[in-house]
Protein chains: 2
Amino acid sequence: MKPTATSSSFEDYVKVIYAYTEWQDKPITSSVLATRLGVANSSVSEMVRKLKDQGLVDHQPYSPIHLTPKGLSLALSMVRRHRLLETYLVNELGYTWDEVHDEAEQLEHAVSDHFIERMSAKLGHPFRDPHGDPIPDAQGQIAMVPSHRLDELDPGHVGRISRISDHDPELLRYFEQQGLGLDTELLVVGQLPFGAGWQVGLRTATHDAGPLTLGPDAAVSLWLASVGQHAGCCVQEPTGGTLMVPHMSGL
Amino acid sequence: MKPTATSSSFEDYVKVIYAYTEWQDKPITSSVLATRLGVANSSVSEMVRKLKDQGLVDHQPYSPIHLTPKGLSLALSMVRRHRLLETYLVNELGYTWDEVHDEAEQLEHAVSDHFIERMSAKLGHPFRDPHGDPIPDAQGQIAMVPSHRLDELDPGHVGRISRISDHDPELLRYFEQQGLGLDTELLVVGQLPFGAGWQVGLRTATHDAGPLTLGPDAAVSLWLASVGQHAGCCVQEPTGGTLMVPHMSGL
DNA sequence: TAGTTTATTTAGGTATACCGAAATTCTAAA
DNA sequence: TTTAGAATTTCGGTATACCTAAATAAACTA
């Protein structure tokens, strides 16, 4: 796949098209793309035609837009750039998480491949960013850890936190405060009645914090990679009584 | 001085205008500007009009171009960006000197002020880049070390190397090999006959290397900040006899 | 299924930053 | 001081990536 000379607009378009399908399957439509890019629908129609001319997308008029292998490859390289930059800014330049996005957005179009690889080396070639989003390697390969959103897991599952949505900064602070970080082990105890949230057992390297109640918004922000099923099934106690939190396997 | 929203083209234009007068006084002309930017003369005419509209330059038709205080301020901020970026790429990301220029050229337009200040902090707020070119501070102030090019100094002057031109990469390697770096102390012994170069006494932290002969190209690539006049005058020995190199003051 | 609403594309137009060619102004030599 | 040549500007034109408004296609709905 020869790297086409791509304008920074092309890069933004394929990146947004890719991002839409990263965590679900429905392909993106023209108007959603326009909204996400902050441009008019007509601009998207025109640009999608150009992207198609360059072989970056498949598109029939009035239909959703799909990336071609070439477009996917470009998108993955942009995702790699973005997430490595974010990781670098946080780890090496002391950025806070809410400061990195816009900066990375600019830089991802400006830095050379050489810069990206130096940065990756300095960081020890990480395969995920500080919130667990996967960083594709230079060939576009993603180290996928099969995982599920906490709200999709049944009681009894034991998992390691593999991704934390960075959507809500306040929630991010809450997780940190509760000792919930990447690779923290959780036991899914059960869902609270009336959609009030989830109850989980929690164990970190430093302490065995016992049961923890997470609101619905918090539960949909955490992804767990399965560590195994807990054998002795855990009884849900929605009334708030004391819960046995079984000892979980170490990492 | 309110920071105007400036396009990356404006930034390039003022940077080149400034660079032309950094080490001499003659103002830049339209065609020289065009050559340095790699654009047509007609493009310069048009852009200079726009720069004038923005209050960045003074210009009468058919005359050379001068920066206004506002233009100077923008130019200095671009120089700061460029030199901090080059320093950072070399010191923190293991770039070689010939790799940094193009990368910095791109990045200087893309990074935020915040990024620049984080970088500066990480580097310990340097006032010069690895070759001694001054890095303006965030207010545009330059820490000027009064210095002269080696070929402009008379025998007897003792100076610290304060700048090494990065024009010729080969020469750069030669200097390194000879132990000539920033802050190396030199005694100007004298000019060789027939413009064949200069002879200098040299002393580094590690060794007292004695007399050294530099070609004319090497001599115009080194700037010296005066450390003082050597009292006992040094006799020039163009025939190649042994030379007394007096002990020089420490840093 | 006809009609309305929504989604998408087309058509015409803007700003930026470039170009080559032609016209203008300056400079310097005869 | 006139004029050839060089430097500079003006003029018309290009590509990119936007825009609004109008036209068209698709999707509902009654």
Side-chain angles (χ1 to χ4, degrees), chain A residues 3-18 20-21 26-67 71 74-75 78 102 105-106 108-110, chain B residues 3-18 20-21 26-67 71 74-75 78 102 105-106 108-110:
Chain A
T4 311
T6 54
S7 74
S8 96
S9 296
F10 280 13
E11 292 171 354
D12 278 335
Y13 276 79
V14 295
K15 198 184 61 164
V16 171
I17 296 168
Y18 173 79
Y20 191 77
T21 35
K26 203 156 44 89
I28 200 168
T29 62
S30 188
S31 48
V32 171
L33 188 45
T35 305
R36 303 245 171 151
L37 287 163
V39 302
N41 289 328
S42 54
S43 304
V44 169
S45 285
E46 191 180 338
M47 282 300 278
V48 166
R49 187 165 32 72
K50 291 181 187 170
L51 291 169
K52 195 179 173 186
D53 290 347
Q54 296 298 313
L56 293 165
V57 303
D58 283 333
H59 182 236
Q60 325 300 128
Y62 299 99
S63 299
I65 300 141
H66 295 267
L67 290 176
L74 176 58
M78 296 315 292
D102 292 350
E105 199 85 347
Q106 291 300 120
E108 64 193 16
H109 303 298
Chain B
T4 311
T6 53
S7 74
S8 94
S9 296
F10 279 13
E11 291 171 354
D12 278 334
Y13 276 80
V14 295
K15 198 184 60 165
V16 171
I17 296 168
Y18 173 79
Y20 191 77
T21 35
K26 203 157 44 91
I28 200 168
T29 62
S30 188
S31 47
V32 171
L33 188 46
T35 305
R36 304 244 169 151
L37 286 163
V39 301
N41 289 327
S42 54
S43 305
V44 169
S45 285
E46 190 179 339
M47 282 301 277
V48 165
R49 189 165 31 72
K50 291 181 188 171
L51 290 169
K52 194 178 174 187
D53 289 348
Q54 297 297 314
L56 293 164
V57 303
D58 282 334
H59 182 236
Q60 324 302 127
Y62 300 98
S63 299
I65 299 140
H66 294 267
L67 290 175
L74 177 59
M78 295 316 293
D102 293 350
E105 199 85 346
Q106 291 300 119
E108 66 194 14
H109 304 298

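First the proteins, then the strands, lettered A, B, ... as listed; each starts at 1. Given the structure is predicted, the values throughout are model-derived calculations rather than measurements.
Taking atom CG of Leu33(B) as the reference point, atom P of dT9(D) lies 10 Å away to the nearest angstrom. Whole-Å rounding puts the Ile65(A) CD1 to dA7(C) P distance at 14 Å. When rounded to the nearest whole Å, the span between OH of Tyr13(A) and C1' of dT16(D) equals 11 Å. As a whole-Å value, the separation of Ile28(B) CD1 from dA7(D) C1' is 14 Å. Atom NZ in Lys52(B) sits roughly 10 Å away from atom P in dT9(D) (whole-Å rounding). Taking atom CG of residue Leu37(A) and atom C1' of nucleotide dC19(D), one finds them 15 Å apart after rounding to whole Å. Rounded to a whole Å, the CD atom of Gln60(B) is 15 Å from the C1' atom of dT25(C). The interatomic distance linking Leu51(B) (CG) with dA17(C) (C1') rounds to 12 Å, in whole Å.
Residues His59(B) and Arg49(B) fail the side-chain proximity criterion, which asks for heavy atoms closer than 4.5 Å. By the 4.5 Å heavy-atom criterion applied to side chains, Glu105(A) and Lys15(A) are counted as neighbours. Between Leu56(A) and Lys50(A) the shortest side-chain heavy-atom distance does not fall below 4.5 Å.
When all heavy atoms are compared, the tightest approach of Met78(A) to His109(A) is CE-ND1, 3.7 Å. Summarising the geometry of Ser9(B) relative to Met47(B), their closest heavy-atom pair is CB-CE, 3.6 Å, with the distance given to 0.1 Å. Considering all non-hydrogen atoms of both residues, Leu67(B) and Val57(B) come closest at CD2-CG1, 4.1 Å.
The listed nucleotides are dA17(C), dA7(C), dT16(D); the one nearest the side chain of Ser31(A) is dA7(C). Here the nucleotide nearest the side chain of His59(A), chosen from dC19(C), dT9(C), dT9(D), is dT9(C). For Tyr62(B), counting side-chain heavy atoms from C-beta on, the closest listed nucleotide (dC26(C), dT8(C), dA17(C)) is dC26(C).
Within the 4.0 angstrom heavy-atom criterion, base atoms lie near Ala40(A).
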Could you write out each protein N or O paired with an N or O of nucleotides 10-13 of chain C at a distance under 3.5 Å?
none

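Looking at Ser43(A), its side chain never comes within 3.5 Å of a backbone N or O of Val39(A) through a donor-acceptor pair.
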